[in-house]
There are 2 protein chains.
Amino acid sequence: MTIDPGGDRAPEDLTARARIRDAALRIFADRGIDQATIREIAKAAGVSSGLVRHHFGSKEALRDACDAYAVERMNQIRQQIFTEGRSRDQAFMGTVHPVAMLMQRYLARSFLDGSEAAAARFDDMVRLSEQWLTDHGIVPRDLRAYAAVFVVMQMGVFAMPEQVSRAMGADVRTPEGNARMLAAMVDIFAHPLLTPEEAAMSFEALDRFIARSPEGGARNEARPKE
Amino acid sequence: MTIDPGGDRAPEDLTARARIRDAALRIFADRGIDQATIREIAKAAGVSSGLVRHHFGSKEALRDACDAYAVERMNQIRQQIFTEGRSRDQAFMGTVHPVAMLMQRYLARSFLDGSEAAAARFDDMVRLSEQWLTDHGIVPRDLRAYAAVFVVMQMGVFAMPEQVSRAMGADVRTPEGNARMLAAMVDIFAHPLLTPEEAAMSFEALDRFIARSPEGGARNEARPKE
DNA sequence: CGCGGGACTACACACGTGTGTAGTATCTTG
DNA sequence: CAAGATACTACACACGTGTGTAGTCCCGCG
């Protein structure tokens, strides 16, 4: 099953440029950005490889276009869910949207590969997480590290869909499999996994390492790129 | 700072074969397996590229050797920590060991890239997680999905060290930065992030999707490859 | 000493890659 | 209609890759 990043439009109705971008987004998300080839994308879009270059200039520029489009689509979906008054469960329901699923996988790949745009996007997500945590009255020992780890944990789930699918016995790239995976995430975050005693012992041991470092103790220095 | 996968031995004391394997492990973990090149590994090991082939036959075989060595080293470390009677916090303290840090990053890359050995290793970790959860008296709604997601979440942290480091403002590839990151993980798992009401609403919404699928409801079918 | 085998290197090959270029079709617009 | 731009293709180039091959060095052993 292939997901159309454009939504409900039929592929033949799209311009070649849009078809290329959609194919790139999907293949980038599936194979990883470095592994994907221009020719493969062109073939999937039903055009020549030269046309990809004609429209986007380079692979890097094509990736930038995908980044921008992914962010735009995610914002659209967020907006749509929000204005539909589904704010109760927006955080998780948004991710079962087929297009959102694809975008999440694309973004995860983007984080893995690394780029300026990806870094900026990641920092956005960390900021959003910090806000969410603060709004929920959660006050971690180390807010920034907490939020950063929180984000990578969530994205890790979208970064290794094959492993999760095989272990679960259901394809997480389908809405149903994805929903089941998300339900497991909710379950994880709904209950504590460590007893206070276990956590205290781990903290004590880990703090010894952190304190040993000259920089490890500093926690609230200026954010890189605010 | 580069970590020596072999431990405390000086690089010049190792055989060329071991130096190649160590260099491969480190470069695979840093760049990703597909991105790493034989020539780069050879250069890092101080040998010719032909020697890599002479000793390992192919890149895939080199990777297999790294897989086997990573598992072996991880078991050694686990054993060591266990026999030292540090079982209280073994789960997290083991991962601050410099070699263990590297192996975790290697394994994460391995999961991302995908291979038979990686899949088997992942399934091992899922099984271990299921056991750990059961031993801790945690009974999730969907044990297999829960354990699978739990594993990818943890590995996701090791898969995107650059993103976490930048957001945290400290390199998680150092023992201190890693310890700080792990402390954040402990903090996340020590307290619930969702209220029972929030979790219930999310479950209700997600279950609608799961129930819609013919396969989504089945959860305890035979494990693939037990 | 002789010599055989493993460690090791230098070099070449085939291939896939992103990119460049020239040319053709198709659409737009005055 | 004319003509210029735009969409699009086919083909070639330079380069890095994993892999193959021939040859050299060196150590152990009869």
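Keep in mind that the numbers below use all heavy atoms, side chains included, and drop hydrogens, waters and symmetry copies. Below, chains carry the letters A, B, ... as their sequence lines are ordered, and counting in each starts from 1.
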Self-check item: A:Thr37 and A:Arg31: side chain donor to acceptor below 3.5 Å
Solution: no
Self-check item: Value in whole Å for how far the P atom of D:dG16 lies from NZ of B:Lys43
Solution: 12 Å
Quiz item: Between A:Asp124 and A:Arg127, is there a side-chain N and carboxylate O pair less than 4.0 Å apart?
Solution: yes
Practice problem: Name the nucleic acid region contacted by B:Ser49, choosing base, sugar-phosphate or nothing; use a 4.0 angstrom heavy-atom cut-off, strictly under. | Solution: nothing
Practice problem: Indicate, with a heavy-atom threshold strictly under 4.0 Å, whether B:Ala36 touches base, sugar-phosphate, or nothing. | Solution: sugar-phosphate
Practice problem: For the side chain of B:Thr37, starting at C-beta, report the closest nucleotide among D:dA7, D:dT9, D:dT17. | Solution: D:dT17
Practice problem: Would you check if there is a donor-acceptor pair between the side chains of B:Ser110 and B:Arg121 at a distance under 3.5 Å? | Solution: no
Quiz item: Could you give the CD-to-C1' distance, from B:Gln35 to C:dT17, as a whole number of Å?
Solution: 13 Å
Quiz item: What nucleic acid atoms does B:Arg17 come within less than 4.0 Å of, heavy atoms only: base, sugar-phosphate, or nothing?
Solution: nothing
Quiz item: When the distance from CZ of A:Arg31 to P of C:dT17 is rounded to whole Å, what number comes out?
Solution: 11 Å
Exercise. Could you check how far CD1 of A:Ile38 sits from P of C:dG18, rounded to whole Å?
Key: 5 Å
Quiz prompt | For atom NZ of B:Lys59 and atom C1' of C:dG16, their distance in whole Å | solution = 14 Å
Quiz item: What is the distance, rounded to the nearest whole Å, between atom CG of B:Asp34 and atom C1' of C:dG16?
Solution: 14 Å
Quiz prompt | Between C1' of C:dG16 and CD1 of A:Ile41, the distance in whole Å | solution = 15 Å
Exercise. Pick base, sugar-phosphate or nothing for B:Ala42, based on heavy-atom distances below 4.0 Å to the nucleic acid.
Key: nothing
Practice problem: Taking only the side-chain nitrogens and oxygens of B:His54, find out if one of them lies under 4.0 Å from OP1 or OP2 of C:dA7. | Solution: yes
Quiz item: Going through the checks in order, is the side-chain contact (heavy atoms from CB on, under 4.5 Å) test met by B:Met155 and B:Met125?
Solution: CA-CA 10 Å; B:Met155 295 314 290; B:Met125 294 182 68; 3.7 Å; yes
Quiz item: To the nearest angstrom, how far is A:Glu60 atom CD from C:dG18 atom C1'?
Solution: 12 Å
Practice problem: Describe the nucleic acid contact of A:Leu51 in one word from base, sugar-phosphate, nothing, applying a heavy-atom distance below 4.0 Å. | Solution: base
Quiz item: Heavy-atom distance under 4.5 Å between the side chains of A:Gln35 and B:Asp34, does that happen here?
Solution: yes
Quiz prompt | Out of D:dA12, C:dT9, C:dA7, whichever nucleotide has its closest atom nearest the side chain of A:Arg39 | solution = D:dA12
